[in-house]
Number of protein chains: 2
Amino acid sequence: MSRRVTQQDIARMTGVSQATVSLVLNGRAEGDVRIAPETRERVLEAIRSTGYVADPIGRRLAARHNQILGVFTYESVFPAGMGDFYHPFLVGIEECAERIGCDLLLFTSAPVIDGRRRIFHQDNRLRLADGCVLLGQWLDPAELTRLLAEGQPFVSVGRRDDAGGPVPYVGADYPGATAAQVRAAIELGHQRLVYVGEGPDGPESHADRWRGFSAAAGPHGSRLAAPDLDAILVTDSTCVFVEEYADGVALAAQAAERGLRVPEDLSFVALGDPTRSAPTDLDLTGFRIPRREMGWQAVEVLAAILEGQPGEQRILPCEPVAGSTLAVARA
Amino acid sequence: MSRRVTQQDIARMTGVSQATVSLVLNGRAEGDVRIAPETRERVLEAIRSTGYVADPIGRRLAARHNQILGVFTYESVFPAGMGDFYHPFLVGIEECAERIGCDLLLFTSAPVIDGRRRIFHQDNRLRLADGCVLLGQWLDPAELTRLLAEGQPFVSVGRRDDAGGPVPYVGADYPGATAAQVRAAIELGHQRLVYVGEGPDGPESHADRWRGFSAAAGPHGSRLAAPDLDAILVTDSTCVFVEEYADGVALAAQAAERGLRVPEDLSFVALGDPTRSAPTDLDLTGFRIPRREMGWQAVEVLAAILEGQPGEQRILPCEPVAGSTLAVARA
DNA sequence: CTTGCCTGCTAATACCTATTAGTCCTTGAC
DNA sequence: GTCAAGGACTAATAGGTATTAGCAGGCAAG
């Protein structure tokens, strides 16, 4: 359990200074500082024989960066109950981090207050990482504002409204993807469309879907906050657009129970992948969120920020899913 | 983008020394060092107004620990192809880390050489964390030996053979769980049992299964390295024990194609959960690896090591799964 | 012999916090 | 008036690395 080997030790062993060891290690022999080849060899030999490796902490302290990217999630990082919705994001994040040679720090220690994690608290550890990726449906605007103000390098996965300035993000084109689905429905003859979900009252991702829906549906569209089949039937709609995949599954099942055929009597479109697990063999029409790609690109954008470039805002397209729950409107 | 606030800044603002700021922050006013309440208040006020938070790097350098646990996996941390076999371990690790207030550092940057990650390489970053959890079917014994020799605090998820000393681990009772399945089969009248897999030639987890199998089956048991149905039929066995769940699924399908009824003509027992994804509606008899619990307890053991206690070796029981592929032996 | 330049290195410092030894001041006891 | 006993701090240091300014010695040109 002997003390760890340091540059100082190597220096003493080879009769040079600690600075020389550092220089040899970093191959900084080009330019203004020179090391004689035989000295270099002696030092390298000592390093080899002791198995010395630089302490990343010291490195970080001196160099001000340490190739660590933080990942902050407002829910559990490894989702148990969320139907693995976040998993693909993490896969993308990991892949890109690996490619650029960064480690990932999961802020699991952030205390959970009122059911969600908080970034800022008395023992804020964000600075441990060079920068960080934020993941979650809803991010506290106050915390975003503060991150921005402090110049903390970060990127949000998912579009965010300005928070005292533009927020760097990699989002999905919910408005475009939603509008495309609405147009498809209209072309199939649907005259009355209903949107089920929080829409403008929800987080950005929900508001975006609603924007796309209302722009494309115009006067043909209406909205219900709760997944209530009776209320839907009252609107006399023929096509239901659900924010939450699981709501779609549940509503379709209810409709079937009442003798309505899906999709002949009532069509369903899901605006994205399931965030809650929804065991079913129903294959809802809708679109796929490019989650892995979003994770990957978020790291890409973060890396660019860390190199001094301005924070980007990217929107990625969603891939349509044909599914089996959208049909020609009933007569 | 101003420089980060340090204790020095707070000290200058309030006209005290950096040491005083540190003392106030750490509430060390008890015992031998005292701070006047009004000074304390001034400092706290400055901290509040600037939003100062301690830099974890400085902390780590000075205090020698930083509440970070490393997670090293020989494969991807977020498994894409592994059928999510590792996911439950990570869930357990995260839960326990959260409980004890630690962050998790995923060593995604470790370079992949010959298809697997290496712990030791020119830029070893293990020291970044207080200790680390090792995850993977096969861990390089040379690396384990070195970790042990260097006194690096670590815990393996999964039993490991000694590597120049006992390795701290949290493993599953594969011998016991396997033996129980064998005894169950024997009680159902099976006379010839065959084990399909690497067994003694594989990693510890496979060798353990084989040990349990051969001890319980005695002369009734034999082993085949490859999942080859013809070879199995040649042995005239009535019950097949597969190391890999996916092999069991494939073999059962082949058997069915040849007109053999499963389990009436041929029984199958899977020795653990699927490591490769195996889409099927077949519910193999066997046992469940307590993966979440193993992850959780690994962190527990690591935490104990970090507090100076000796590294433990724990073996957790596996829960039997009744399934539908084990029946009374054919006459 | 001076000047200047080059080579090969080292001393010093910065980075940020935690801890310990010690200093200065006030107050109370004798 | 002296001494002791706290109280309230601060100075100094450690911890490991990267960087920069600078120094000693040798050599060539003038």
Side-chain angles (χ1 to χ4, degrees), chain A residues 2-44 47 50 52-68 122-130, chain B residues 2-12 14-43 47 50 52-68 122-130:
Chain A
S2 58
R3 223 184 80 270
R4 157 186 183 69
V5 179
T6 70
Q7 290 187 355
Q8 198 55 259
D9 298 328
I10 304 285
R12 271 190 288 264
M13 285 172 62
T14 50
V16 298
S17 70
Q18 172 265 322
T20 304
V21 177
S22 174
L23 292 172
V24 167
L25 266 165
N26 296 305
R28 292 285 319 288
E30 322 310 314
D32 47 354
V33 176
R34 244 157 280 240
I35 305 289
E38 65 257 31
T39 306
R40 170 202 273 341
E41 257 326 303
R42 273 214 326 283
V43 171
L44 287 176
I47 288 175
T50 56
Y52 165 87
V53 280
D55 184 338
I57 294 285
R59 234 223 225 328
R60 163 72 157 119
L61 195 59
R64 268 80 151 265
H65 65 263
N66 60 186
Q67 309 281 93
I68 292 181
Q122 61 277 46
D123 186 26
N124 177 331
R125 330 216 337 139
L126 233 48
R127 303 282 319 192
L128 200 40
D130 289 342
Chain B
S2 57
R3 222 184 81 270
R4 158 187 179 67
V5 179
T6 71
Q7 289 187 354
Q8 197 56 260
D9 298 326
I10 304 284
R12 269 191 288 265
T14 49
V16 298
S17 71
Q18 173 265 321
T20 304
V21 177
S22 174
L23 292 172
V24 168
L25 267 165
N26 295 306
R28 292 285 319 287
E30 322 311 313
D32 48 353
V33 176
R34 246 154 276 240
I35 304 291
E38 63 256 31
T39 307
R40 171 203 270 343
E41 257 326 303
R42 274 214 324 283
V43 171
I47 288 175
T50 55
Y52 165 87
V53 282
D55 183 339
I57 294 284
R59 236 224 227 329
R60 165 77 159 118
L61 194 58
R64 269 63 166 272
H65 61 87
N66 61 185
Q67 308 283 94
I68 292 181
Q122 61 277 47
D123 186 27
N124 178 331
R125 326 208 348 130
L126 234 49
R127 304 278 318 188
L128 219 32
D130 290 343

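Worth knowing before you read on, the calculation uses all heavy atoms, side chains too, and leaves out hydrogens, waters and symmetry mates. Please read these numbers as outputs of a predicted model, since none were measured by experiment. Proteins get letters first, then strands, A, B, ... in listed order; numbering begins at 1 in each.
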Could you check which of [options] has an atom nearest any side-chain atom of [X]?
X: Asp55(B); options: dA11(D), dT17(D), dT17(C); result: dT17(C)
X: Thr6(A); options: dC9(C), dT17(C), dG16(D); result: dG16(D)
X: Leu23(A); options: dA18(D), dT10(C), dA18(C); result: dT10(C)
X: Gln18(A); options: dA11(C), dT17(D), dT19(C); result: dT17(D)
X: Ala62(A); options: dC15(C), dT7(C), dT17(C); result: dC15(C)
X: Ser22(B); options: dT17(C), dT19(D), dA11(D); result: dT17(C)

[N] [atom2] sits how many Å from [X] [atom1], rounded?
X: Arg12(A); N: dT10(C); atom1: CZ; atom2: C1'; value: 15 Å
X: Ile35(B); N: dC25(C); atom1: CD1; atom2: C1'; value: 15 Å
X: Gln7(A); N: dT10(C); atom1: CD; atom2: C1'; value: 14 Å
X: Arg40(B); N: dC9(D); atom1: CZ; atom2: P; value: 10 Å
X: Arg60(A); N: dT17(D); atom1: CZ; atom2: C1'; value: 13 Å
X: Glu38(A); N: dT7(C); atom1: CD; atom2: P; value: 14 Å
X: Asn26(A); N: dT17(D); atom1: CG; atom2: C1'; value: 8 Å
X: Asp9(A); N: dG15(D); atom1: CG; atom2: P; value: 11 Å

### Task
Evaluate the side chain to side chain donor-acceptor pair (under 3.5 Å) criterion for residues Gln18(A) and Gln8(A): first the C-alpha distance (whole Å), next the side-chain angles of each, then the deciding distance (0.1 Å), finally the verdict.
CA-CA 5 Å; Gln18(A) 172 265 322; Gln8(A) 198 55 259; 5.3 Å; no

What contact category does [X] fall into here, base, sugar-phosphate, or nothing, at under 4.0 angstrom with non-hydrogen atoms?
X: Leu61(B); result: base
X: Gln8(B); result: nothing
X: Ala19(A); result: base
X: Val16(A); result: sugar-phosphate

### Query
About how many Å separate CD1 of Ile47(A) and CD of Gln7(A), when rounded to the nearest 0.5 Å?
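Nearest 0.5 Å value for the CD-CD1 distance: 7.5 Å.
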
Give a yes/no on whether any side-chain N or O of [X] is located under 4.0 angstrom from OP1 or OP2 of [N].
X: Arg59(B); N: dT17(C); value: no
X: Arg34(B); N: dG7(D); value: yes
X: Tyr52(B); N: dC16(C); value: no

### Message
Given 3.5 Å as the limit, does a donor-acceptor pair link the side chain of Arg40(B) with the main chain of Ile35(B), or not?
### Response
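Not a single qualifying donor-acceptor pair exists.
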
### Query
Starting at the 5' end of DNA chain D and moving along, which residue's nearest nucleotide shows up first, Thr39(B) or Gly58(B)?
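Of the two residues, Thr39(B) wins.
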
### Message
Need to verify one output field. Residue with the more 5' nearest nucleotide on DNA chain D, Ile57(B) or Ser17(B)?
### Response
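Going by which nucleotide is closer to the 5' end, it is Ser17(B).
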
### Query
Of the non-hydrogen atoms in Val5(A) and Tyr52(A), which two are nearest, and what is the gap between them?
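Closest heavy-atom pair between Val5(A) and Tyr52(A): O-CD1, 3.4 Å.
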
### For the student: nearest non-hydrogen atoms of Ser17(B) and Ala11(B), plus distance
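Looks like C-CB, 3.6 Å.
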
### Message
Contact between Leu25(B) and Ser22(B) at the side-chain level, heavy atoms closer than 4.5 Å - yes or no?
### Response
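Counting from C-beta outward, Leu25(B) and Ser22(B) never come under 4.5 Å.
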
